[in-house]
There are 2 protein chains.
Amino acid sequence: MTRYSRQTRMLIAVDCIIFGFDGQDLKLLLIKRGFEPEKGKWSLMGGFVQTDEGLEEAATRTLTKLTGLDGVFMEQLSAYGGPDRDPAERTLSVAYYALIDINQYKQQLSEEYKAEWFPLKEAPKLIFDHAQMVSEALARLRYKAAIHPLLFELLPAKFTIPQLQILFEAVYDAGFDKRNFSRKVLSTGLLIKQKEKERATSKRGAFYYKLDKRKYSAKFHAFLNFVSDPGNLK
Amino acid sequence: MTRYSRQTRMLIAVDCIIFGFDGQDLKLLLIKRGFEPEKGKWSLMGGFVQTDEGLEEAATRTLTKLTGLDGVFMEQLSAYGGPDRDPAERTLSVAYYALIDINQYKQQLSEEYKAEWFPLKEAPKLIFDHAQMVSEALARLRYKAAIHPLLFELLPAKFTIPQLQILFEAVYDAGFDKRNFSRKVLSTGLLIKQKEKERATSKRGAFYYKLDKRKYSAKFHAFLNFVSDPGNLK
DNA sequence: AAATTAAATGTCAATTTTACAATTATTTTT
DNA sequence: AAAAATAATTGTAAAATTGACATTTAATTT
């Protein structure tokens with residue numbers, strides 16, 4: 001069989017930018033790197049792509065290895081392949097960003113990887129080009145969440161409109177008008193009002209909503225314009 | 001220096017999905033592959049990433065090698081890394097899509113690569129997973145061009161509104177209302193009306209427009225909504 | 001019973017979108 | 001030279017969406 005001689009082979013890794021929301025802040029899940037170089041430094045969770053697996057497969061495996069979670073929203077962000085991005089050896093990394101319900105993974109943070117959640121603004125210095133990956137992942141998240149019903153992936157099955165608004169405000173680091181926000185969100189027809197209320201936050205209590213799974217699937221890629229111009233926000 | 005032993009190294013390539021517009025159809029630039037495996041078959045232009053270069057650099061080099069063009073719009077589409085995508089040897093490919101003014105490269109198509117422009121619908125069978133790359137690139141193009149002023153990259157410096165509309169209709173395989181289309185496009189403030197007219201197409205002649213480069217740069221990433229819901233179109 | 005707190009809902013003007021038709025500049029034909 | 005033909009350009013009104021802004025409501029605390 002033909003092979004491509006004369007070409008350099010390189011390592012291929014995946015890295016996961018894992019976002020979570022604790023009801024207040026948008027958070028990032030980081031680990032302490034367990035091997036050299038940069039052992040003990042804060043890093044994105046990652047791993048090498050194995051001989052028999054595809055990229056998405058490797059990314060999913062990596063995410064599951066850390067969190068134990070399955071069926072999580074994950075999307076390829078970009079490939080990073082600068083010749084010197086890993087000082088040890090040339091390694092191309094395909095970055096994936098994931099959105100998880102933080103409640104599903106905050107009790108027993110992996111001891112093996114020394115995982116920790118950081119509010120995005122308080123994240124420590126990261127190895128290699130991981131900070132750039134995070135920055136681009138946040139930009140992508142803002143971009144897509146402005147147009148598509150994406151942020152629901154960060155919430156538990158039941159949530160209130162005020163909780164949803166706090167999430168949007170955390171993601172865009174901006175304030176939104178309550179009345180316009182709820183009108184916009186409810187007009188998508190994606191939400192089903194529950195009979196129970198959330199009672200921890202306020203005296204009156206806010207009604208819980210659930211996603212209408214069927215409509216959610218159907219409209220996941222539709223243009224819904226949650227935020228008018230995310231580029232103009234600050 | 002530390003190295004990552006026990007991991008498999010793989011080849012890394014870039015492939016370019018090159019779009020053009022001839023005034024009628026959206027076209028794709030393909031080459032006949034010059035080496036085994038699949039020698040002589042239709043393929044995207046590509047090449048291996050060299051030891052000292054980054055991904056974008058490799059993609060730009062590859063595009064320039066074929067077309068001789070420089071300063072072309074190009075953006076990373078995605079990384080493709082299925083274990084069996086290249087039967088000869090495991091190769092990860094980072095795909096980039098490019099938009100070029102077809103007039104800049106239609107006279108002297110590369111003899112070395114046996115390059116040819118194909119209307120998208122009449123493109124031949126492609127090697128490996130290149131058809132999937134093209135399909136995803138078209139989806140990306142439709143997505144981004146619905147929101148951002150991207151398609152101007154496919155036109156010459158001077159163009160008319162009817163020409164622009166034909167381009168949009170080719171990209172979305174749909175018809176648009178003349179009056180609403182020109183109002184929408186002109187309202188962006190990106191176009192500067194010229195004194196000359198294009199006289200080949202019609203008796204009356206249509207005024208040429210040029211891009212306001214300053215405003216174009218400023219609004220390139222703005223949400224301008226050229227097409228309301230590209231997902232609903234067919 | 002009154003005060004407090006956050007949730008939920010309402011209104012109106014401005015803007016944008018959608019659907020649809022008439023006018024204009026120029027060349028070709030009569 | 002006038003009439004016909006062709007594609008470009010411009011217009012209008014109803015409907016839908018957005019943006020700015022205040023009041024009412026449900027429940028707990030004082």
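We name chains A, B, ... by the order of the sequence lines, and we start the count at 1 in each one.
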Under 3.5 Å donor-acceptor, A:Tyr209 side chain and A:Leu186 backbone: no
Start and end of the DNA chain C segment that chain B contacts, any atom under 4.0 Å from a heavy atom: C:dT17 to C:dT27
Name each donor-acceptor pair under 3.5 Å that joins a side chain in residues 211-218 of chain A to protein atoms two or more places apart or in another chain, with its distance.
residue, atom, partner, partner atom, Å
A:Asp212, OD1, A:Arg214, N, 3.2
A:Asp212, OD1, A:Lys215, N, 3.3
A:Tyr216, OH, A:Pro149, O, 3.3
A:Tyr216, OH, A:Glu153, OE2, 2.5
A:Ser217, OG, A:Lys213, O, 3.0

Whether over 12 other heavy atoms sit under 6.0 Å from B:Lys197 NZ: yes
Crowding at CD, A:Glu56 (>12 non-hydrogen neighbours, <6.0 Å): no
Atom-to-atom span, CD1 of B:Ile166 to C1' of D:dA7 - whole angstrom: 11 Å
Residue list, salt bridge (Lys or Arg N to Asp or Glu O under 4.0 Å) with B:Arg140, at least two apart or on another chain: B:Glu75
Which residues share a salt bridge (Lys or Arg N to Asp or Glu O under 4.0 Å) with A:Lys158, sequence neighbours left out: A:Glu196
Close N or O pairs between protein and nucleotides 28-30 of chain D (under 3.5 Å):
none

Neighbours of DNA chain D within residues 183-191 of chain A, by heavy-atom distance under 4.0 Å: A:Arg183, A:Lys184
Pairwise 5' ranking along DNA chain D for A:Arg179 and B:Gly205, keeping only the more 5' one: B:Gly205
Centroid-centroid under 6.0 Å between [X] and [Y] rings:
X        : Y        : answer
B:Phe128 : B:Tyr80  : no
B:Phe226 : B:Phe168 : yes
A:Phe19  : A:Phe73  : no

Pair A:Arg179 + A:Asp177: basic N to acidic O under 4.0 Å: yes
Sugar-phosphate only, base, or nothing, as touched by A:Thr160 at under 4.0 Å among non-hydrogen atoms: nothing
Sugar-phosphate only, base, or nothing, as touched by A:Lys197 at under 4.0 Å among non-hydrogen atoms: sugar-phosphate
Which residue lies more 5' along DNA chain C, comparing A:Asn180 with B:Leu224 via nearest heavy atoms: A:Asn180
Validation row: B:Leu141, B:Leu99 side chains within 4.5 angstrom (heavy atoms): yes
